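Worksheet for the structure shown next.
All values derive from a computational prediction rather than experimental measurement.
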Amino acid sequence: MPLNLVRRGGGAFRSALACPVRVVVRQSHIKRLSFVAHRPLPTAVTAGFPRSSLLVGDLIRSYATKGAPKGSNTEATANKKPKKATKPVKKPAKRRRVLTPEQIEKKEAKKKAAEHRQLVRSLKETALQPPKRLPTVARVIAVGRKYAEARAATSGGVTEVLKKAIALTDSMSADEREQYKNQAEANKIANEAAYEAWIKSHTPKQIQEANHARRRLGQLNVTKRVVLLKDDRLVKRPTGPYFFFIADKREAGSGIGKSVTEEASHLGEEWKNLTQAEKEKYIQLAKADSERYDREHLETYGIPPPSLATSKSKK
């Protein structure tokens, strides 16, 4: 870049300075000199100074103040090294706890127990609970009614009150006993009506799933006695050829005078001795009944029976 040397000093200062002072000026600032030279100057202040001295001073001051804005440090910025990207600090991996065989066995047992509880809870929800039944035994109804009377007449505990209620029940008159018998019969009718209405409030599919859940609860020993829900809408399972044979023989009176065990043994031997042609009759009956079951299962539950669905999926 071309530079120009401008002589500094003039007027009264020329005698004070033994040596001339030269300042390096950018070429771009020389163009500003023509504009500054023609600027009007205050005569009162600058009367004793040469015009050239003032012009050069203005130029020097303007050059000195031109630069980077305040607060910036060009050299520091240029010399400043870029920061290195810091890698994320990895946390030390936790040491895996080593379990003893006893602890592993205990953990597995706890897991299985939790799964068993969850299964039982789910099965009980699916099994459905019918409405509470009214007592259908006349004596039970009478003791229940007499219990309130015995509690008012006895100051003892529950056992004493119950004994008193039973005594009052045994001392009832014949007419009163007849009233409780009629009440028991009325409760039976009410229970059947309530049970039938409750069954009809569920779909056949729900009743079928409830019975499956009840059987499963029995297999898990959750319930001592498996009581299946009765619904006439449920599809009757197909009958095999052997059971058609047994029904045919019983209708003919072959089991008269024999015990159940003797009859079963006799019919079993007779079935084994039948020829294939003689069995064909019962085989065709079983086949027709199986087709009936497949058709009714699809109509009632909306899905084919499991055996039929499995065979179709394989195809």
Side-chain angles (χ1 to χ4, degrees), residues 116-117 119-237 239 243 246-247 250-251 255-264 296 300-301:
H116 179 77
R117 288 193 299 269
L119 175 62
V120 171
R121 190 181 303 111
S122 176
L123 290 174
K124 285 184 177 180
E125 292 177 358
T126 308
L128 302 178
Q129 294 300 324
K132 189 176 181 180
R133 298 175 63 87
L134 299 172
T136 56
V137 180
R139 183 176 176 80
V140 174
I141 299 173
V143 171
R145 297 282 181 83
K146 296 296 182 181
Y147 187 85
E149 182 181 347
R151 187 171 54 184
T154 305
S155 59
V158 177
T159 304
E160 296 296 328
V161 175
L162 183 60
K163 288 181 179 181
K164 181 66 176 178
I166 294 173
L168 293 174
T169 301
D170 294 337
S171 62
M172 289 189 307
S173 62
D175 293 341
E176 197 172 4
R177 292 176 185 275
E178 188 66 23
Q179 291 178 1
Y180 285 114
K181 287 182 180 180
N182 295 336
Q183 184 62 48
E185 292 296 328
N187 285 352
K188 287 181 181 179
I189 297 174
N191 287 339
E192 291 176 0
Y195 183 81
E196 186 70 17
W198 178 79
I199 287 291
K200 298 300 181 183
S201 66
H202 298 83
T203 63
K205 181 63 176 176
Q206 290 176 319
I207 301 299
Q208 182 198 37
E209 292 175 350
N211 285 336
H212 287 331
R214 288 167 177 260
R215 292 189 186 95
R216 183 59 177 151
L217 289 172
Q219 294 173 356
L220 296 174
N221 295 325
V222 177
T223 56
K224 295 181 180 180
R225 182 186 175 192
V226 178
V227 180
L228 300 180
L229 301 176
K230 297 179 181 180
D231 188 357
D232 296 337
R233 299 173 298 172
L234 296 179
V235 180
K236 185 179 179 181
R237 296 189 64 82
T239 304
F243 292 98
I246 292 176
R250 284 180 177 175
E251 188 177 354
I256 298 176
K258 298 179 181 178
S259 63
V260 177
T261 306
E262 291 175 350
E263 182 187 10
E296 292 182 358
T300 305
Y301 305 131

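When every heavy atom of P204 is checked against every heavy atom of D231, the shortest pair comes out as CA-OD2, 4.4 Å. Residues A210 and A127 share a closest heavy-atom pair of CB-O, 3.4 Å. Nearest heavy atom pair, residue R177 against residue S171, reads NH2-N, 4.5 Å. When all heavy atoms of P131 and A194 are compared, the closest pair comes out as CG-O, 4.1 Å.
Under a 3.5 Å cut-off, the side chain of R214 and the backbone N or O of L128 do form a donor-acceptor pair. A donor-acceptor pair under 3.5 Å is formed between the side chain of S259 and the backbone N or O of E262. Although no hydrogens or angles enter the test, the distance criterion places no donor-acceptor pair under 3.5 Å between the side chain of R151 and the main chain of V161. Using modelled atom types, one side-chain atom of N211 and one backbone atom of L229 make a donor-acceptor pair closer than 3.5 Å. The main-chain N or O of K230 is found under 3.5 Å from a side-chain atom of Y195 such that the two form a donor-acceptor pair.
Atom CZ of R216 sits about 11.5 Å away from atom OG1 of T223, to the nearest 0.5 Å. Rounding to the nearest 0.5 Å gives a distance of 12.0 Å between CG of L134 and CD1 of I189. Of the inter-residue distances, the one linking Q208 atom CD with L228 atom CG reads 12.0 Å to the nearest 0.5 angstrom. One finds the OG1 atom of T126 at 10.0 Å from the CD atom of Q206 (value rounded to the nearest 0.5 Å). The distance from atom OG1 of T154 to atom CG of L162, rounded to the nearest 0.5 Å, is 10.5 Å. The distance from atom CG of N191 to atom OG1 of T136, rounded to the nearest 0.5 Å, is 6.5 Å.
The pair D170-R139 meets the salt-bridge criterion, with a side-chain N (NZ, NE, NH1 or NH2) lying under 4.0 Å from an Asp/Glu carboxylate O. Taking the charged nitrogens against the carboxylate oxygens, E296 and K236 have no contact shorter than 4.0 Å, which rules out a salt bridge. Salt bridge status for E125 with R121: absent, with no side-chain N to carboxylate O gap under 4.0 Å. Salt bridge status for E176 with K146: present, with a side-chain N to carboxylate O gap under 4.0 Å.
Between Q183 and R145, some side-chain heavy-atom pair lies under the 4.5 Å cut-off. With contacts defined as side-chain heavy-atom distances shorter than 4.5 Å, the pair Y301/L234 qualifies. Side chains of R233 and I199 form a contact here, defined as non-hydrogen atoms less than 4.5 Å apart.
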Could you walk me through whether L123 and L220 pass side chain to side chain contact (heavy atoms under 4.5 Å, CB included), step by step?
CA-CA 11 Å; L123 290 174; L220 296 174; 3.9 Å; yes

Test side chain to side chain contact (heavy atoms under 4.5 Å, CB included) applied to V158 and Y147, step by step:
CA-CA 10 Å; V158 177; Y147 187 85; 3.6 Å; yes

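Around atom CD of E251, no more than 12 heavy atoms belonging to other residues, nucleotides or ligands sit under 6.0 Å away. By the 6.0 Å contact criterion, NZ on K200 is enclosed, its count of non-hydrogen atoms from other residues, nucleotides or ligands being greater than 12.
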